[in-house]
There are 2 protein chains.
Amino acid sequence: MGTTSKALALLNYFDRAHSLIGLSDLARMSGTNKATCFRLMSELVEHGLAEQLPESRGYRIGPAVLRLAALRDAAVPLRDLALPILQRLAHTTGETAHMSHLVGGKLATLAYAYSAAHAMKVMMEEADVLPFHATSSGFAVLANLPPQIADAILAQPMVAVTKATPTRPEDVRTRLAEMRRVGYGRTADTYEADVASIALPLFDARGACTGAIAVAAPVTRLTPAATAKTLTALIAAARETMAAWGGQLPPELDALWRKIQKA
Amino acid sequence: MGTTSKALALLNYFDRAHSLIGLSDLARMSGTNKATCFRLMSELVEHGLAEQLPESRGYRIGPAVLRLAALRDAAVPLRDLALPILQRLAHTTGETAHMSHLVGGKLATLAYAYSAAHAMKVMMEEADVLPFHATSSGFAVLANLPPQIADAILAQPMVAVTKATPTRPEDVRTRLAEMRRVGYGRTADTYEADVASIALPLFDARGACTGAIAVAAPVTRLTPAATAKTLTALIAAARETMAAWGGQLPPELDALWRKIQKA
DNA sequence: ACCATCGGTTCATATAATAAACCGCTACAG
DNA sequence: CTGTAGCGGTTTATTATATGAACCGATGGT
């Protein structure tokens, strides 16, 4: 293995719970020799990827990562990341795939892709805003937002987009609980009659839910078998998206998704 | 030099203007052998610090930096970074030092430190909000904000805190122009009678002005000689702060500050 | 006063980094 | 269609660099 890899691997031992790590600890955790660990960390410190506190002499993540992150943000528009993933998702599921992004308290369509498998498909609007209470994406996001923010959204008046749209907060809450239990959001006829969709929440690098990825199809095509197949493809796409975002999937959801993928 | 350093140094060739770099280009720029460059980049890619585009095969900053940046944010409160810097600044200048941070369109005091050099000193309020048109920090920030945002702030009614406070937008603009010309903000008697202060703007990793660092003193003590001494200490403190923030100082200001430091 | 552990250093040894030449490919020019 | 120059990537013997056991002084708890 390359020396550089060993150095970079050291960074993986830092997380929210362990933001400050001493030399000996780090050497033990990583299984590297203390002298080696010291040298590697010194090089990381030299380049600002790590930082050493003067008093405790412990190491933590350095300031240079902020510059790099800003660069990454500037260089990689979310949409460009989303498109190829959605296109693959649309292709493997044979249905319309779309991704939405939480911006300014609204859930906006970021990108979408169609499949050529069927003549009849769910069409999307560019930069459309999705109602939280009437779409699977909305449920997926709402169920993973901090309670006070979710409450604020639920407190707003809810328009019945179709006859099946839930408009009472308690009805929506029931669906959110269900979403949390199974690990994905699912709706049928709530946004448009005869349209069903399945959505997964997406999380950013801070672990906050900031969007959703979904597949929408005519209800008749989303049979139990198709649902299962769609879900596994969705989970793969969601994981891929979050890898590109540097996103942090909550452990509970990770466990639920793993179970689904195994089945 | 260590191999790890060589690998990390490659990341320095990426910036806003060059977010995508080919292998041969990168090898040329860095002066490394192409094979070496390839191996190093491969290791960076493996750990997500860099990313290779499938089509063009060019390299760019990878998604892992987002995770690291989120960690850094969580681990290092701005205030904890500011305090030791301000304490040193207060000590070397013999006057009160403070740092303010732009949050929600307001300039809030983040931290401050006093000097023991004089019995009479400028006192600060915890979490105070600084008026843009009456403080050197306000001028420093305002002069470096995007025009439309600065205009919006200037369009709001301005209260005369003292008799010397400028309250007409054109008067403020004159001072902002002066601030841009010399590279620092300076006020006297505008916030409180007989109090003068000097401030420098601070920039975040995206190159946006998000705060200021300043020294405040009785007008009589801030003589030309003291001003010169204070400025060099302030510049050092500002640079140190931005290093910890991963901040990007605009080239013009960098040039101005260098000139001041030389003189 | 002792022992354990800390961060850091030393130095002979062994392993991993290096660079020139080469490959297959694409694109453009004659 | 062909020659050439550039690309990203690979191979190889050569060599420079990373490694780790032992060691150091400092610190802190028993």
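Note on naming: letters A, B, ... go to the chains in the order of the sequence lines (proteins, then strands), and numbering restarts at 1 for each one.
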Worksheet, complete the sentence: A/Thr36 meets the side chain to side chain donor-acceptor pair (under 3.5 Å) criterion, sequence neighbours left out, with none
Fill in: Neighbour count >12 (heavy atoms, 6.0 Å) for atom CD, B/Gln148
yes
Worksheet, complete the sentence: In numerical order, the residues of residues 34-43 of chain B whose heavy atoms come under 4.0 Å of DNA chain D are B/Lys34, B/Ala35, B/Phe38
Worksheet item: Considering only heavy atoms, which members of residues 51-61 of chain A lie under 4.0 Å from some atom of DNA chain D?
Response: none
Practice prompt. At the 4.0 Å heavy-atom cut-off to chain B, mark where contacts on DNA chain D begin and end, going 5' to 3'.
Written response: D/dC7 to D/dA18
Practice prompt. With sequence neighbours left out, write down each residue that passes side chain to side chain donor-acceptor pair (under 3.5 Å) with B/Arg60, or none if nothing qualifies.
Written response: B/Glu51
Worksheet entry | Passing option when A/Arg28 is tested against A/Thr32, A/Asp25, A/Leu26 for side-chain contact (heavy atoms from CB on, under 4.5 Å) | A/Asp25
Discussion item. Given 3.5 Å as the limit, does a donor-acceptor pair link the side chain of A/Ser19 with the main chain of A/Arg16, or not?
Written reply: no
Practice prompt. Could you check which residues of residues 17-29 of chain B get a heavy atom under 4.0 Å from DNA chain D? Sort them by number, please.
Written response: B/Gly22, B/Leu23, B/Ser24, B/Arg28
Worksheet item: Can you name the residues that form a side chain to side chain contact (heavy atoms under 4.5 Å, CB included) with B/Thr241, not counting sequence neighbours?
Response: B/Ile85, B/Met99, B/Leu202, B/Ile213, B/Trp245
Practice prompt. State, yes or no, whether a side-chain contact exists between A/Leu253 and A/Asn144 at a heavy-atom distance under 4.5 Å.
Written response: yes
Worksheet item: What residues form a side chain to side chain contact (heavy atoms under 4.5 Å, CB included) with A/Phe38, not counting sequence neighbours?
Response: A/Leu23, A/Ser42, A/Tyr59
Response to the item:
The side chain to side chain contact (heavy atoms under 4.5 Å, CB included) partners of B/Pro54 (sequence neighbours excluded) come to none
Worksheet entry | A/Ala140 to A/Ala212 - nearest heavy-atom pair and separation | CB-CB, 4.5 Å
Worksheet entry | Terminal axes of the helix from C/dA1-D/dT30 to C/dG30-D/dC1 (five pairs each): angle between them, nearest 10 degrees | 40°
Practice prompt. Could you tell me which residues satisfy side chain to side chain donor-acceptor pair (under 3.5 Å) with A/Arg258, sequence neighbours excluded, listed by chain and number?
Written response: A/Asp254
Response to the item:
Rounded to the nearest 0.5 Å, the CG atom of A/Asp15 sits from the CG atom of B/Leu68 at a distance of 11.5 Å
Worksheet item: Partners of A/His91 by side chain to side chain contact (heavy atoms under 4.5 Å, CB included), sequence neighbours excluded?
Response: none
Worksheet entry | Sidechain-backbone polar pair: B/Thr4 side chain, A/Leu40 backbone, donor-acceptor under 3.5 Å | no
Practice prompt. Between A/Asn33 and A/Gly2, just flag the one whose closest nucleotide in DNA chain C comes earlier from the 5' side.
Written response: A/Asn33
Discussion item. Once rounded to the nearest 0.5 Å, what's the spacing between atom CE of B/Met124 and atom OH of B/Tyr114?
Written reply: 7.0 Å
